Structures are given as C-alpha cells and as structure tokens.
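Presented below is the structure to which this report refers.
Note that these values count all heavy atoms, side chains included, but never hydrogens, waters or copies made by symmetry. It should be emphasised that the depicted structure is a prediction, and the values quoted were computed from it without experimental measurement. When a residue number appears, it is its place in the shown sequence, counting from 1.
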Amino acid sequence: MLSGAEVTGVLRSKGFKATPQRMAIYDALSHTTAHPNADMLYRELVPHYPTMSLATVYKTLDILCTVGLAQELNVGEESFRYDANVESHPHVRCLSCGRVDDVPVLNDTSLLSQAAVSTGYEITGRQIYLYGICPACSEKRKKKLH
C-alpha cells in the first residue's frame with residue numbers, strides 16, 4: 001500500500017484535498033483484508049473522528065476509487081465493499097456469514113482468452129467473484145451435525 005505522502009500526492013494531483021478524514025479512511029482500508037463497506041469503516045473510525053459523518057466516508061470512498069487508490073466490489077450484497085488493493089484479483093464471499101476474501105492464486109489468463117475468442121470482445125478488465133461457505137462456517141455446520 002502507499003505511504004501517506006504518496007496518497008497525498010495522488011489526491012492533490014487529481015485536484016482533491018488530503019484531509020485527515022480522507023487519510024484515515026485510506027489508512028484503515030489499506031490495513032485490512034476484510035473488504036469493508038462504508039458503514040464498517042465509519043464504525044471503526046468515528047470513535048477517533050467524532051465529527052466524521054457516514055456521508056464523508058461514502059464521498060471519500062468514491063474519491064479513492066476515482067483516483068485509483070481503491071476499488072469497489074459488488075459481491076452480491078446490499079452495499080458495495082472496498083479494497084485498497086487495486087490490482088485485478090478475484091474475491092470469494094461466504095454465503096453464510098458474508099466474509100469476503102481475496103483469492104490469491106488463480107490464473108485466469110485462459111478464461112480471459114476463451115472469453116475474448118468466444119465473444120469477439122477485446123477484454124479490458126475483469127471482476128471475478130466466487131461464492132461458497134468459509135472454513136469457519138463450514139466448521140460450525142459440521143459441529144451442528146454431530
């Protein structure tokens with residue numbers, strides 16, 4: 001993830017101020033793998049920034065995505081999740097508890113080639129979402145059965 005100075009530079013180069021709240025939101029997002037939504041980030045940060053509003057979190061997340069410091073994930077929930085890892089990578093969501101994780105090792109080159117050939121599209125980007133039951137929920141289910 002980027003340093004505070006680098007984030008400040010990106011924001012300013014795109015015409016945005018690097019406010020303490022924006023920096024805190026980026027910092028929180030860049031230090032988690034939980035892929036939080038805006039409400040999760042708000043609840044985490046409001047004790048430290050009591051004047052921060054949920055609207056500020058939403059607006060900042062929109063700005064971070066616009067300038068390329070975060071990506072928005074639509075994993076089939078009512079609200080979007082966010083990830084400071086802007087490299088294209090797949091995600092998996094637990095259908096039981098809602099947990100979202102990165103899928104670190106998935107070579108999708110063949111899939112992209114097949115999609116391009118079969119559709120005639122020039123593939124310029126991708127979002128891959130997988131769904132299942134996480135290990136913790138699987139373990140809970142097994143314990144209920146015994």
Side-chain angles (χ1 to χ4, degrees), residues 1-116 119 121-143:
M1 297 304 129
L2 300 178
S3 70
E6 291 170 317
V7 172
T8 297
V10 170
L11 287 170
R12 287 182 179 161
S13 74
K14 303 290 183 175
F16 296 101
K17 294 179 182 177
T19 66
Q21 292 89 348
R22 288 178 183 162
M23 298 303 288
I25 291 166
Y26 177 80
D27 186 59
L29 188 59
S30 69
H31 285 93
T32 184
T33 58
H35 304 87
N37 61 29
D39 192 54
M40 294 169 175
L41 285 166
Y42 173 74
R43 286 190 312 249
E44 177 184 339
L45 293 170
V46 76
H48 308 287
Y49 297 87
T51 61
M52 182 184 294
S53 69
L54 183 56
T56 296
V57 176
Y58 274 107
K59 183 175 181 178
T60 297
L61 289 169
D62 183 55
I63 289 168
L64 293 176
C65 290
T66 298
V67 301
L69 292 172
Q71 64 173 309
E72 187 176 73
L73 308 176
N74 181 354
V75 292
E77 298 175 309
E78 291 180 9
S79 61
F80 293 114
R81 300 282 193 113
Y82 295 89
D83 193 347
N85 178 355
V86 295
E87 296 295 318
S88 185
H89 61 281
H91 295 89
V92 60
R93 181 173 73 91
C94 179
L95 295 171
S96 182
C97 69
R99 173 178 153 178
V100 177
D101 289 305
D102 294 327
V103 180
V105 180
L106 181 64
N107 184 344
D108 60 1
T109 305
S110 176
L111 172 67
L112 297 174
S113 295
Q114 289 175 20
T119 64
Y121 276 70
E122 178 183 334
I123 306 297
T124 60
R126 65 189 177 281
Q127 287 281 347
I128 297 175
Y129 301 115
L130 305 168
Y131 303 92
I133 307 298
C134 73
C137 289
S138 290
E139 192 60 35
K140 286 178 191 174
R141 286 183 176 189
K142 288 177 189 174
K143 287 181 181 178

* **Nearest-0.5 Å distance, CG of residue Asp83 to CG of residue Leu29** => 6.5 Å
* Under 3.5 Å donor-acceptor, Asp102 side chain and Pro104 backbone -> no
* Please state whether the rings of His91 and His35 are parallel, tilted or perpendicular, taking 30° and 60° as the class boundaries. => perpendicular
* **Closest approach of Glu6 to Ser3 (non-hydrogen atoms, all atoms of both residues)** => OE1-N, 2.7 Å
Under 3.5 Å, which donor-acceptor pairs link side chains of residues 55-68 to any protein atom two or more places apart or in another chain?
| unit_1 | atom_1 | unit_2 | atom_2 | d |
| --- | --- | --- | --- | --- |
| Thr56 | OG1 | Ser53 | OG | 3.0 |
| Thr60 | OG1 | Thr56 | O | 2.9 |
| Thr66 | OG1 | Asp62 | O | 2.8 |

* Measure the spacing between CD of Glu78 and CG of Asn37 and express it to the nearest 0.5 Å. => 10.5 Å
* Asked: Is a donor on one side and an acceptor on the other found under 3.5 Å between the side chain of Tyr129 and the backbone of Asn74?
  -> yes
* **Rounded distance [0.5 Å steps], CD in Glu72 versus CZ in Phe80** => 4.5 Å
* To do: Return the minimal non-hydrogen interatomic distance between Leu45 and Ala28, and the atom names on each side.
  => CD2-CB, 4.2 Å
* Scan for salt bridge (charged side-chain N to carboxylate O under 4.0 Å, His left out) pairs involving residues 28-47, sequence neighbours excluded, and state none if there are none. => Asp39-Arg43
* Are Ile128 and Leu111 close enough that some pair of their side-chain heavy atoms sits under 4.5 Å apart? -> yes
* Asked: Does any non-hydrogen side-chain atom of Thr32 lie less than 4.5 Å from one of Met40?
  -> no
* **Nearest non-hydrogen partners of Tyr42 and Met52, listed with the distance** => CE1-O, 3.3 Å
* Which value, rounded to the nearest 0.5 Å, describes the distance between Ser30 atom OG and Ile25 atom CD1? -> 12.0 Å
* **Validation row: Tyr82, Gln71 side chains within 4.5 angstrom (heavy atoms)** => no
* Structure fact -> In terms of heavy-atom contacts, Leu54 and Ala38 come closest through CD1-O, 3.9 Å
* Asked: In Å, rounded to the nearest 0.5 Å, how long is the span from CD1 of Ile133 to NZ of Lys140?
  -> 11.5 Å
* To do: For Tyr26 and Ala84, work out which heavy atoms get closest and say how close.
  => CE1-CB, 4.3 Å
* Asked: Is any side-chain heavy atom of Arg22 closer than 4.5 Å to a side-chain heavy atom of Lys17?
  -> yes
* Does Arg81 reach the main-chain N or O of Ala34 with its side chain, forming a donor-acceptor pair under 3.5 Å? -> yes
* Taking NZ, NE, NH1 and NH2 as the nitrogens, is one of them in Asp101 or Arg99 under 4.0 Å from a carboxylate oxygen of the other? -> yes
* Asked: If we only count heavy atoms from C-beta on, is the Leu69 to Val86 side-chain gap below 4.5 Å?
  -> no
* Gap between atom SG of Cys94 and atom CG of Leu130 - 0.5 Å precision -> 13.0 Å
